[in-house]
Structure formats: structure tokens, C-alpha cells
Amino acid sequence: MNSVIPTILEQHAEEASFLFTLRNLATAEPHHSLDSLLRLDLRLRGNLDGLRIANEAGLEALFRQLHAHAEGEVFAATVLAFEMNASAALARLAEHVRGQPHAERFMAAALGWLDWPQVAPRIDKLLGSPEPLFHRLGLAACGMHRRDPGPALIAGLSHADKGVLARTARTAGELRRRDLMPAIRAHRLHADDNLRFWANWATAQMGDEEALEPLRQFAEQPGEHRGRALNVLLCWQKRDASMAWLRGHAQAAGQRRLVIQGAGVLGDPVSIPWLIQQMGDLPHARVAGEAFSLITGADLALLDLELVAIPDYDAGPTDDPSDPNVAMDPDQDLPWPDPQLVQAWWQANQTDFKAGAAYLLGAELSERRCLEVLTSGQQRQRIAAACALARFRPTEALFPTSAPANRQRALLAASR
């Protein structure tokens, strides 16, 4: 028996780590829905349960798998350490994160995954810590749970650590703390990209029009904040200004994907003929199909509007170690639209749409439509719906599309 238990624990540790990574990616992938997130959550919880039953042995199985690029291992170990109130284990994890700063977000993700009563007893200690790492983790936990940390937000906006400042601004934006807008705006032009982004992102969520120009700059440049900047910008910027901005970039080198995605978020059917044109260009065909569906609600696969023969095109990394392209194809899970079939569908259905209006999955944009898409849409569609919902509910905390699925379902049930 003793020889079997370690093997089982190792399997649970490997599966939990893998499933977290899978789930983390799924929150922004086009083929995942709230239901599929729930299935991933249940599988992840099952493996965490297997480790939890083993107590310290389960934690040790995870610690044995920690390495320089660990992601799910950090997440799972943090979950167990918090549940077991294992201070020594949390100290070991903190030491690992100090040496591998990229791992901080996976430790933070664990605090967002846990139920609030499991996290709350340590929040004051985290927020009161003189070490910026713990301060950031406390702020992140409050933001992900949409729990107001009170005076810690005011204190955080004058902190010496840029990371604490950025996380404070983000949490304030997630909570829609409009009273803090002047203090956050003080960092609008900060030299640090991350802090500058979150400061403008936060005040834009509060209706600050002066934050839109910095967000336009983030949307126009490649980087980790580009997608968030685009969604928030197009939800809060005046529609005429957004249309002019997109048209101005339509012919710019390297900006066509931005314009395609922007057209989908904006939701104006006047863009449909141009989007169908883009479906003939292999690098942009699938994202154009996604934008078309975001506006019209037409499921390309369900309606048989896909190409029969998959094109010989691969935008992902190759096996060549000298190839500098290591990024995965962002459209790999999207269908390949058939431009002729899509054009025929549009000709048959275009009278259902009014130029100049905004549509979300085939219905005019409204608060109710946002809630419907948050309930049954795919993740990228749900992210767009959550951004739009913020306009209809300007004083409510932002809807957390990456939160555990059962928590999201409870929030949606309470919203009806």
C-alpha cells in the first residue's frame, strides 16, 4: 500500500497542475463557455480533493514538482496551504515566488479560486504586510472576490512599490471606487507601462474620458494589455470616434487584426461586408469569422458556413529551434469561414440588422443581452459582454468572467 499512495499523489499533483493551466487558458479561449469552465473546475477540484485528503503529504507532492517555470504547481500548493492554514508552506511558496516573480499571478489566482471565508482571515495580515509581494496578493484577492479592502485602497495609491500601485488601481477599477478617481489619475502618465495601463483602465471603467487616449495607445501597440485596452476603449468611447479610429487604422501595416476585432466589439453591422472580405485572407480569416459571429450571432460551425477543406496555414510555432516565432496561434480553435457561404447567409439575413446600431450575438446591445451572453456565450464573447455590461451598471463591480464557474452562476442568478 505504501508504494501505491505516493504514485497516486504524484498523479493528483500532476493533474491538478495541468488542469489549472488548461483552465487558466480557457478563460480567454473562443471555444469555452461557462458550462465548459464548470466541467474543468470540477475536474480540478477532484484532483485537489485527492491531495487535500493526504494533508501534508499532498502538499509535499506539489512542492516536489515546483520548478522555475511552475504555474499550476504554485496555484495548487497555495490552495492547499491556505486551506490547511500551513504557514510554513506559505513561507516556502513566498520564497519561490521571490525568486520567480512571474509565479506571483498563479499564487494570486489561488486566492481568487478559494472561497472568501477561506481567504478573509489572512487578508488584513496580507494588506498590512511591509513586503510588497504580500500587499499585492491581498489587493489581488480583494479584487478577484470583488470585496472592498477599505482604507487599504487609499494607502495603496501612495505606496512606494509600482506593483502595489498598479494592483491598487486595478482593484479600485474592478470595484468601481469612483471616489478614488483623482488619486488614481495622478498615475495616468507614469513611466511604468503596467502602472500607466491599470491607472487608465481603472478610471475609464468609472467614466473618465481622459483615460481613453492612453488606452488607445495601448490598443495600437502589441503587448499584454492590448486586448483589455481595446475592449474597454470601444465600450466607453463615443461610437463615432470609435468608427473613425478603426477606419483610420484599416490600411495601416500590422493593424488589420486590431481593426477586425474592434469591429466585432463595436457591433455595427455596417462592418459586415468588409469583414466578409477579410475572410479571404488566410492570416485574418478566422478572426474575421469570430467578429462576424460576435455581431450577428451566426455560429459558423452549426450553420455549416465553414470551409470544407482546411487551408494549409499554420501561424503557430514550428519545430525549428532557430524560429523566433514561439507564440501559439491565437485563432487555432476558431472555425475557418467560407466567404461565399457567409456572404449568402448575410444576404438572406441582413434585413434583420440596422446599420448604426450595436449588436451582440445577433440582438441589439442591451443590459439584458449582456446577461444572456454571460450565461450562454463563449468566453471571448462573455468578456465583451462583461465590458458592455459595465456601461449599463456604472456603479456595480465588474463581472468576473474568470472566476470559478459556480461563483459566476450565483452572480448571474442574483442579477436576474
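As a basis for the values below, the full set of heavy atoms in this structure was taken, side chains included, without hydrogen atoms, waters or symmetry mates.
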Measure the shortest side-chain to side-chain distance between [X] and [Y] over non-hydrogen atoms and say whether it is less than 4.5 angstrom.
| X | Y | answer |
| --- | --- | --- |
| E210 | T203 | no |
| L111 | R122 | no |
| R286 | D329 | yes |
| M84 | V79 | no |
| P404 | R45 | yes |
| L282 | W336 | yes |
| L294 | E290 | no |
| P121 | F82 | no |

Just checking, any donor-acceptor pair under 3.5 angstrom between side chains of [X] and [Y]?
| X | Y | value |
| --- | --- | --- |
| N200 | R185 | no |
| R176 | Q205 | no |
| Q378 | H31 | no |

Got a salt bridge between D331 and R257, using NZ or NE/NH1/NH2 to carboxylate O under 4.0 Å? yes
Taking 4.0 angstrom as the limit, do R409 and D35 come out as a salt bridge? yes
Would you call the rings of F197 and W201 parallel, tilted or perpendicular if under 30° counts as parallel and over 60° as perpendicular? tilted
Ring geometry between H69 and H102 (parallel below 30°, tilted from 30 to 60°, perpendicular above 60°): tilted
Is the [X]-[Y] ring centre distance short of 6.0 angstrom?
| X | Y | value |
| --- | --- | --- |
| F353 | W346 | yes |
| W113 | F106 | no |
| H225 | W198 | yes |

Evaluate side-chain hydrogen bond (donor to acceptor under 3.5 Å, both in side chains) for Q408 paired with R382, printing each intermediate quantity in order. CA-CA 11 Å; Q408 293 191 53; R382 298 181 72 241; 2.6 Å; yes
I'd like to know if the side chain of R23 reaches the main chain of S402, judged simply by a donor and an acceptor atom lying under 3.5 Å from each other, with no hydrogens or angles considered. yes
